[in-house]
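Encoded as structure tokens, the structure appears first; notes follow it.
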Amino acid sequence: MTNLRKEAKPRKKRKELKPKKCAICRNEFKPRNSMQKVCCPRCAIKLVQAKRIKDEKKELKIRKAALQPYSYHVKATQRAFNEYIRGRDADLPCISCARYHEGQYHAGHFKTTAARPDLRFHEDNCHKQCSVCNNHLSGNIDQYRPALIAKIGLARVEALEVVPKPHRPSVEELKEIREMYRYKTKQLKQNKAAA
């Protein structure tokens, strides 16, 4: 009869773990396993409490966001969109008066957000505009349209003038638009820094 019993393999020597800094007290300690983050039970309790507080704050932030009115989301998305437009057109003059100046620049809409809310976040409809043209001259539309045709072409300007069915974006759509324009603004800043 043959011996079916296998010979015992020699045990691998356990890998020596490098010392870590405690996540709470910042003292150096030798961990028992690679997942250990704290040096002692007292620090472990403090870590759990800190995580609980962080989770509660996150949950509170989510609940507060859910209570925000629709107008809050529209304004927050508009801020992100306007920042992108000003960054995109930073090297260009005012779309209406074609001048550079030291004053404040806005993101001026060709078709107003009151008249055409569907074009509020449309990049062809919004361009860098000085505060004088945007606020005091009500957009300076007489000068805006010819400059817009020169910039994007007649076909795209006429597409803006066609009135489609009204669409009111949901809060989720506004959040997506806001995140998209925050990302695009970040990319613009990174490209300018690299250049």
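Hydrogens, waters and symmetry mates play no part in the numbers below; they use all other heavy atoms, side chains included.
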- Query: Given E59 and R63, is the salt bridge (charged side-chain N to carboxylate O under 4.0 Å, His left out) satisfied, shown in steps?
  - Reply: CA-CA 6 Å; E59 185 182 318; R63 285 196 325 231; 3.3 Å; yes
- Query: Is there side-chain contact between V157 and R145, with at least one heavy-atom pair below 4.5 Å?
  - Reply: yes
- Query: Distance under 6.0 Å and angle within 45° of the ring axis: does R178 meet both against F121?
  - Reply: no
- Just by modelled atom types, is the Q36 backbone N or O under 3.5 Å from a matching donor or acceptor in the K20 side chain? yes
- Could you walk me through whether S96 and C130 pass side chain to side chain contact (heavy atoms under 4.5 Å, CB included), step by step? CA-CA 8 Å; S96 297; C130 67; over 6 Å; no
- Considering all heavy atoms, the nearest C39-C43 contact: SG-SG, 3.8 Å
- Verdict with supporting geometry, H127 and K151, side chain to side chain donor-acceptor pair (under 3.5 Å): CA-CA 10 Å; H127 301 273; K151 184 176 180 183; 2.9 Å; yes
- Could you pull out the closest heavy-atom pair between L160 and R116, with the gap in Å? O-NH1, 2.8 Å
- Under 6.0 Å from the NZ atom of K189, do we count more than 12 heavy atoms belonging to anything else shown? no
- Message: So, applying side-chain contact (heavy atoms from CB on, under 4.5 Å) with V48, which one of K46, K51, R52 is it?
- Response: R52
- Message: To check you understand the geometry: which heavy-atom pair defines the closest contact between P164 and D118, and what is its length?
- Response: CG-OD2, 3.1 Å
- For residues N135 and H106, determine if any side-chain heavy atom of one lies less than 4.5 Å from a side-chain heavy atom of the other. yes
- Message: Could you go through R156 and N125, starting from their C-alpha distance and side-chain angles, then the distance that decides it, and tell me whether this counts as side chain to side chain contact (heavy atoms under 4.5 Å, CB included)?
- Response: CA-CA 9 Å; R156 286 166 65 183; N125 187 49; over 6 Å; no
- Query: Quick one: CD on Q104 to OG on S131, what's the gap to the nearest 0.5 Å?
  - Reply: 5.5 Å
- Has the side chain of R88 got a donor or acceptor atom that lies under 3.5 Å from a matching backbone atom of E123? yes
- Quick one: pull up NZ in K128 and CZ in R86 and give me the separation to the nearest 0.5 Å. 10.5 Å
- Message: I'd like to know whether OH of Y183 has more than 12 heavy-atom contacts from other residues, nucleotides or ligands below 6.0 angstrom.
- Response: no
- Item | Q129 side chain to Y105 backbone, donor-acceptor under 3.5 Å | no
- Decide side chain to side chain donor-acceptor pair (under 3.5 Å) for N82 and Q78; before the verdict, give the C-alpha distance in whole Å, the side-chain angles of both, and the deciding distance to 0.1 Å. CA-CA 6 Å; N82 290 353; Q78 190 71 59; 2.8 Å; yes
- Task: Let me see the working for R120 and F81 under side chain to side chain contact (heavy atoms under 4.5 Å, CB included), right down to the final yes or no.
- Result: CA-CA 9 Å; R120 178 184 287 270; F81 177 74; over 6 Å; no
- Take atom OH of Y100 as the centre, draw a 6.0 Å sphere, and report whether it contains more than 12 heavy atoms from other residues, nucleotides or ligands. yes
- Query: Between K111 and D124, is there a salt bridge with N-O shorter than 4.0 Å?
  - Reply: no
- Hey, any chance L137 and I95 share a hydrophobic cluster, counting ILVMFWY side chains that come within less than 4.5 Å of each other, even indirectly? no
- Interatomic distance, CG@L174 vs OG1@T77, rounded to 0.5 Å, equals 4.5 Å
- Message: Filter on ring-ring contact (aromatic ring centres under 6.0 Å, His included), then keep only pairs touching residues 136-159, sequence neighbours left out; what's left?
- Response: F110-Y144
- Item | Closest non-hydrogen atom pair, G108 against N134 | CA-OD1, 4.0 Å
- If every non-hydrogen atom of A98 is compared with every non-hydrogen atom of P93, which pair is closest and at what distance? C-CB, 3.6 Å
- Find out whether R99 and V132 are in side-chain contact, i.e. whether some heavy atom of one side chain is under 4.5 Å from a heavy atom of the other. yes
- K192 to G87 - nearest heavy-atom pair and separation: NZ-O, 2.9 Å
- Item | Any donor-acceptor N/O pair, N140 side chain to C133 backbone, under 3.5 Å | no
- Task: Kindly determine whether K186 and Q190 satisfy side chain to side chain contact (heavy atoms under 4.5 Å, CB included), including the steps that lead there.
- Result: CA-CA 6 Å; K186 185 179 176 182; Q190 287 174 352; 3.6 Å; yes
- Query: Would you call E16 and K30 a side-chain contact if the rule is heavy atoms closer than 4.5 Å?
  - Reply: yes
- Is I141 linked to L119 within one hydrophobic cluster, defined over Ile, Leu, Val, Met, Phe, Trp and Tyr using a side-chain heavy-atom separation of less than 4.5 Å? yes
- Specify whether Y84 and Y181 have parallel, tilted or perpendicular ring planes, treating 30° as the upper limit for parallel and 60° as the lower limit for perpendicular. tilted
- Query: Under a single-linkage definition using a 4.5 Å side-chain heavy-atom cutoff for Ile, Leu, Val, Met, Phe, Trp and Tyr, are I152 and L154 assigned to the same hydrophobic cluster?
  - Reply: yes
- Message: Between M180 and K184, is there a side-chain heavy-atom distance shorter than 4.5 Å?
- Response: yes
- Where the side chain of E173 meets the backbone of S170, is there a donor-acceptor pair that is under 3.5 Å apart? yes
- Message: Closer than 4.0 angstrom, basic N to acidic O: yes or no for E83 and R79?
- Response: no
